[in-house]
There are 2 protein chains.
Amino acid sequence: MAGAPNIREVALRAGVSVGTVSNVLNRPELVAEPTRERVFAAIAELGFVRNDSARQLRVGRSRTLGLVVLDVANPFFTDVARGVEDTANQHGLAVILCNTDEDPRKEASHLDLLAEMRVQGVLINPIDTDGRITALRDRGIPVVLFDRLGDPAVECSVAVDDVLGGRLAATHLVEAGHRSILFVGGPLTLRQVQERYEGASAVVSARDDVELTILTTTALNVAAGRAAGDRLATADRDALPSAVFCANDLLALGVLQALTHAGLRVPADVAIVGYDDIDFAAAAAVPLSSVRQPRQQLGRTAAELLLAETTEDEHEHRQVVFEPELIVRDSSVR
Amino acid sequence: MAGAPNIREVALRAGVSVGTVSNVLNRPELVAEPTRERVFAAIAELGFVRNDSARQLRVGRSRTLGLVVLDVANPFFTDVARGVEDTANQHGLAVILCNTDEDPRKEASHLDLLAEMRVQGVLINPIDTDGRITALRDRGIPVVLFDRLGDPAVECSVAVDDVLGGRLAATHLVEAGHRSILFVGGPLTLRQVQERYEGASAVVSARDDVELTILTTTALNVAAGRAAGDRLATADRDALPSAVFCANDLLALGVLQALTHAGLRVPADVAIVGYDDIDFAAAAAVPLSSVRQPRQQLGRTAAELLLAETTEDEHEHRQVVFEPELIVRDSSVR
DNA sequence: CCACAGTACTGAATCGGTTCAAAGACGGGC
DNA sequence: GCCCGTCTTTGAACCGATTCAGTACTGTGG
């Protein structure tokens, strides 16, 4: 009894039927003023809290939305999450944040869980487009891809033009006089990584006096960056590239740390350009040049597309592409 | 029909009763091998996904756990979250991450939502201990405080000794010869901020040749730190403290950026010590001295205490206190 | 041949809101 | 006094999985 009063006890206390209590909660305009107040009083006295499972069971869907990201520790994703949350909260929805650590198995198990929860929709930065996403959609749960373009026939997506971003970074480095550029990033199965490389590659292959090599990493975090930096620092000094372009800022910060630690100077010995322009890029040991993406807006837009898909009768899938912007700081100018 | 097959349709297809399907799902050892296989086959063919609301409604509680933090964009909290997630996932629980932005209203609305969801428990770094936490507990939902000690009579809590942390930082600065120290942090209603100040204050007031002043901020992020740094930089040069101790690393990074931008040298003109030792502290423009906390372990321990509270018959509330550790880097040594 | 234990399975009651057809109350117009 | 429309309230059906008392069947020991 003390445990959790239900709607029946509230009805009893207020001297009305359960239907009326439910109406007070969901469509208060249907209930006469004095009755409404009696019900509110009863709710307050008993400390009644609606049981969301029961509500969901009847209504068929929940008031939550799933957000599946590669790495919560990456400020890029927390900024996107912030944008998603803003929009979701405005519409009375809660966000369930799931972390995949770039592991397809974790991704799968999170998606299964979200399916069981009957979330209103899922925002995901997918690792591999395996069948599970299609399965969700078949079950009537809309899925919006973010930071990755999808097939406009079946899904909405929001992305930033990663090829352009790669091109911006490479163009900047080439124009600054660099002739041997190393791309650090991975795993290459991540589309973002691949496309950023592709953009850089396009710029370089248009000229025959610039060399682009690649050093793949197993993850996109600071530790992986440090490891890559250490490899560079211990390698043959002549083999050292004159510039490094990293697939994201965490890698760049790691590389920067390792190179500095090994006594190399940035940008004098090696220039660095990162990607994402997270807040910490500007505060780095050597302020980091980086390709900026509209992070919060990415999240907001993704959430809006998802909401549109759940509410519109005639929904047409949209692809939104934002343009990245190069921010030049000390790490790439001699 | 295509929408979402339920357990009844699975039962029909497999030629068994709904009870048996449920048993296959929840206590497979009770079901004979061949039957079990028929049921699994039916589940696969129909693409059946259990409806978690129905399950929750019947069972009375969910398989989720709420984590309420001040700021998801702060790496300190994402690291704690990682620890919580590890432990929760090991026990088949999902984590709902809620962000309060240090706003009591958002905190309240998130707690209301978690109560409606009948989460198994809540891990919270509370802003104000208003009645809502007690209300949750009255309703049978255990609440564990983290990064903050609670009343051991009613709740478990995990914290790091913030007074000691403040003391470590201040002692270090005083021993390095600093005689005018500025504490930057706020709002002071946050216990962490208050206690870190208290620790520093205790060290300073034990001597009569050191002066400690305070500059309160409205938040604990990089932007607030930059604002504080700007105020310092534009103030009278004689009024400049010789060292700044910040309530967390985000503030410290902001202060560092603003001071450097204004042409002041760190640590020559002003020394800085931060708090949390987030990954980015080591990668800062001037590698930041900081007070390190065992972040992931904090999260893991908090989750374990919560799980203990939900499973043990005779639960005794525990208080776990970790000790912080001072990491000295360039920002505080001349 | 019966009693009994053990195993495998059944099916109806149950959790707690939401919804909607229908009943009731009330006032105005004729 | 009666009819009709509007506003308010009622109460039972319903969502889908879980649970448990009970049935059916098999094998064992006396």
Enquirer: List for me each residue that meets side chain to side chain donor-acceptor pair (under 3.5 Å) alongside A:S17, sequence neighbours excluded, and say none if there are none.
Expert: A:T20

Enquirer: For nucleotides 16-27 of chain D, just jot down a letter per nucleotide in 5' to 3' order: B, S or -, based on protein non-hydrogen atoms under 4.0 Å.
Expert: BBBB--------

Enquirer: With sequence neighbours left out, write down each residue that passes side chain to side chain donor-acceptor pair (under 3.5 Å) with A:T64, or none if nothing qualifies.
Expert: A:S62

Enquirer: Check each residue of residues 30-47 of chain A for a non-hydrogen atom within less than 4.0 Å of any atom in DNA chain C, then write out the ones that pass by number, or none.
Expert: none

Enquirer: Please list, chain by chain and in numerical order, all residues satisfying side-chain contact (heavy atoms from CB on, under 4.5 Å) with A:Q90, sequence neighbours excluded.
Expert: none

Enquirer: Where is the tightest heavy-atom contact between B:A115 and B:L136, given as atom of each residue plus distance?
Expert: CB-CD2, 3.7 Å

Enquirer: For A:V69, what residues pass the side-chain contact (heavy atoms from CB on, under 4.5 Å) criterion, not counting sequence neighbours?
Expert: A:L67, A:V72, A:F77, A:L97, A:N99, A:F146

Enquirer: For A:H317, check ring-ring contact (aromatic ring centres under 6.0 Å, His included) against everything at least two apart and list the hits.
Expert: A:H315

Enquirer: Could you list the residues that satisfy side-chain contact (heavy atoms from CB on, under 4.5 Å) with A:L113, not counting sequence neighbours?
Expert: B:R63, B:A94

Enquirer: What is the bend of the helix from C:dC1-D:dG30 to C:dC30-D:dG1 when you compare the axis at one end with the axis at the other, using five pairs each and rounding to 10°?
Expert: 60°

Enquirer: Under the rule for side-chain contact (heavy atoms from CB on, under 4.5 Å), what residues qualify as partners of A:A41, not counting sequence neighbours?
Expert: A:E45

Enquirer: Let me know the distance between CD of B:E116 and C1' of C:dG16, rounded to the nearest Å.
Expert: 13 Å

Enquirer: Among residues at least two apart in sequence or on other chains, which ones pass side chain to side chain donor-acceptor pair (under 3.5 Å) with B:E102?
Expert: none

Enquirer: Can you sort out the partners of B:S22 under side chain to side chain donor-acceptor pair (under 3.5 Å), two or more places apart, ordered by chain and number?
Expert: B:N26

